[in-house]
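What follows is a short report on a single structure.
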Amino acid sequence: MKQKTFIMAIMAMALVMASCAKHDFFDEDTITGKVGPEAYWEVGSAVVPAGGSMDFSAQYYSSASTIDHSEVWYDVEETLDKTVTCPWTVTFTYTLSSNITQQKRVSQLIKEYAHAEEMWDDSLHAYYLTDAFPVSGTLAPFEWKQPAQFDSTKMEQYFGPTYMQEFKDAVHAKMQYADYKKMYVGMGKLDDFRQYTDSTEDKNQGEGVYVYHFPKNDAGEEVVPYAMDSIWETIGFAELIENAANGYYEVEYKRSYALNAILRVYDIRGVYGRTVSKHIDIN
């Protein structure tokens with residue numbers, strides 16, 4: 001009796017599995033949404049001028065519904081490049097650089113394009129559209145590079161209100177004897193630098209060869225004279241980045257933009273298909 005019951009259970013399971021093979025309810029329940037139009041496009045260039053327009057060509061069709069219209073959408077990326085250098089150091093090179101790209105505007109509708117049956121192309125087996133979309137003139141790149149005149153207002157606007165002091169503190173923390181000498185003498189802060197220095201014979205370089213440095217304490221460590229720090233307080237940020245030999249300041253700020261554009265093709269149900277995104281730089 002037990003064996004007969006077991007056989008009947010196996011037969012029941014086989015019938016259930018056969019039913020599932022014909023009617024996969026899980027699959028049917030999880031395929032949702034409506035099929036939108038298929039679309040493909042090409043843009044005229046990878047670069048577009050601010051205030052200009054970008055040509056494009058597109059092909060699209062729908063096997064599910066009637067085409068209604070198409071739209072170009074794009075978001076805007078902003079890239080900020082910043083570089084500041086102190087040209088007065090000898091024992092180290094101090095340059096702060098940053099490159100940050102972030103979304104400036106979310107994707108939004110830029111322009112709509114009407115659809116017509118006359119756009120059908122038998123050779124392509126698709127509708128064919130050629131047109132252009134506009135690019136805002138406010139997206140022109142901007143550059144403040146190696147200015148001949150320093151502008152503290154622009155410096156705070158482009159780099160932030162605390163940047164100048166933080167840069168100055170970072171340079172000061174790394175400075176050694178040779179850096180102080182080049183900077184203070186070069187800037188005209190000191191006529192006689194030797195009054196604050198001492199010397200030690202360096203026999204590794206040869207007999208009678210002396211190396212100049214700041215006076216040392218009992219532990220043999222160089223101590224920056226108080227007068228050096230007092231003079232440091234009189235040095236402004238602008239002096240610290242001035243390239244006097246070439247007549248400009250070692251600061252660069254560049255703001256540029258790029259688009260990520262797509263074409264959406266809508267059918268009369270409001271369902272749309274979209275093309276791949278095109279990355280376009282603005283100049």
Side-chain angles (χ1 to χ4, degrees), residues 46-47 50 76-104 139-194 196-197 202 205 211-216 221-258 279 281-283:
V47 181
V76 178
E77 291 180 354
E78 179 184 67
T79 298
L80 300 178
D81 287 296
K82 304 177 184 181
T83 303
V84 182
T85 300
C86 175
W88 293 102
T89 58
V90 176
T91 64
F92 65 98
T93 299
Y94 197 77
T95 298
L96 283 184
S97 297
S98 65
N99 176 277
I100 300 174
T101 298
Q102 58 188 358
Q103 188 180 63
K104 188 67 174 178
L139 300 177
F142 171 78
E143 188 174 69
W144 186 49
K145 180 179 180 180
Q146 297 179 337
Q149 299 294 327
F150 182 75
D151 189 326
S152 59
T153 301
K154 288 183 178 179
M155 194 71 204
E156 288 192 11
Q157 179 183 351
Y158 302 149
F159 290 80
T162 63
Y163 184 93
M164 290 186 280
Q165 186 60 52
E166 290 170 354
F167 184 92
K168 184 178 176 181
D169 292 343
V171 171
H172 192 208
K174 292 177 174 290
M175 288 180 63
Q176 300 180 36
Y177 173 85
D179 305 308
Y180 280 101
K181 182 177 181 181
K182 178 183 177 180
M183 186 181 296
Y184 286 17
V185 174
M187 290 181 178
K189 302 294 182 180
L190 273 177
D191 293 328
D192 182 12
F193 193 82
R194 283 197 176 187
Y196 300 105
T197 67
D202 187 354
Q205 297 188 44
V211 175
Y212 292 91
H213 51 78
F214 288 130
K216 297 181 180 181
E221 303 167 330
E222 286 189 42
V223 178
V224 179
Y226 175 77
M228 296 291 102
D229 288 335
S230 296
I231 294 172
W232 175 258
E233 295 303 319
T234 69
I235 298 175
F237 173 80
E239 293 177 281
L240 205 58
I241 66 168
E242 183 181 11
N243 190 323
N246 294 303
Y248 59 75
Y249 291 87
E250 294 279 10
V251 56
E252 297 182 21
Y253 171 88
K254 183 178 180 181
R255 183 175 63 236
S256 57
Y257 298 96
H279 184 84
D281 293 318
I282 302 174
N283 62 14

Worksheet item: Is there a donor-acceptor pair under 3.5 Å between the side chain of Trp232 and the backbone N or O of Tyr180?
Response: no

Worksheet item: Is the CG atom of Asn99 crowded by more than 12 outside heavy atoms at less than 6.0 Å?
Response: yes

Practice prompt. Let me see the working for Thr91 and Asp179 under side chain to side chain donor-acceptor pair (under 3.5 Å), right down to the final yes or no.
Written response: CA-CA 6 Å; Thr91 64; Asp179 305 308; 2.5 Å; yes

Worksheet item: Within a strict 4.5 Å, meaning less than it, do heavy atoms of the Glu77 and His279 side chains meet?
Response: yes

Fill in: Centroid-centroid distance, Tyr177 to Phe193, less than 6.0 Å
yes

Discussion item. Between Leu80 and Lys254, is there a side-chain heavy-atom distance shorter than 4.5 Å?
Written reply: no

Fill in: Check: Phe214 main-chain N/O paired with Glu222 side-chain donor or acceptor under 3.5 Å
yes

Worksheet item: Side chains of Gln103 and Val76: closer than 4.5 Å at any heavy-atom pair?
Response: no

Item to complete: Taking Asn246 for its side chain and Tyr248 for its backbone only, find out whether a donor-acceptor pair lies under 3.5 Å.
Response: no

Discussion item. Would Thr83 and Thr85 count as a side chain to side chain contact (heavy atoms under 4.5 Å, CB included) here? Give the steps.
Written reply: CA-CA 7 Å; Thr83 303; Thr85 300; 4.2 Å; yes

Item to complete: Considering only NZ, NE, NH1 and NH2 on the basic side and carboxylate oxygens on the acidic side, decide whether Lys168 and Glu233 come within less than 4.0 Å.
Response: no

Response to the item:
Nearest heavy-atom contact between Asp281 and Ala258 is OD1-CB, 3.6 Å

Worksheet item: Parallel, tilted or perpendicular: which describes the rings of Phe167 and Phe237, with under 30° parallel and over 60° perpendicular?
Response: perpendicular

Discussion item. With a 3.5 Å distance limit and no angle check, can you tell me whether Tyr253 reaches the backbone of Glu143 through a side-chain donor-acceptor pair?
Written reply: no

Fill in: Heavy atoms from other residues, nucleotides or ligands near NZ of Lys182 exceed 12 (cutoff 6.0 Å)
yes

Item to complete: Begin with the C-alpha distance, continue with both residues' side-chain angles, and end with the deciding distance and a verdict on side chain to side chain contact (heavy atoms under 4.5 Å, CB included) for Val251 and Met155.
Response: CA-CA 9 Å; Val251 56; Met155 194 71 204; 4.0 Å; yes

Item to complete: Would you check if the distance from the ring center of Tyr158 to the ring center of Phe142 is below 6.0 Å?
Response: yes

Worksheet item: Is the Lys NZ or Arg CZ of Lys82 less than 6.0 Å from the centre of Phe159's six-membered ring, within 45° of the axis?
Response: yes

Fill in: Check against side chain to side chain contact (heavy atoms under 4.5 Å, CB included), Tyr184 and Ile235
CA-CA 9 Å; Tyr184 286 17; Ile235 298 175; 3.6 Å; yes

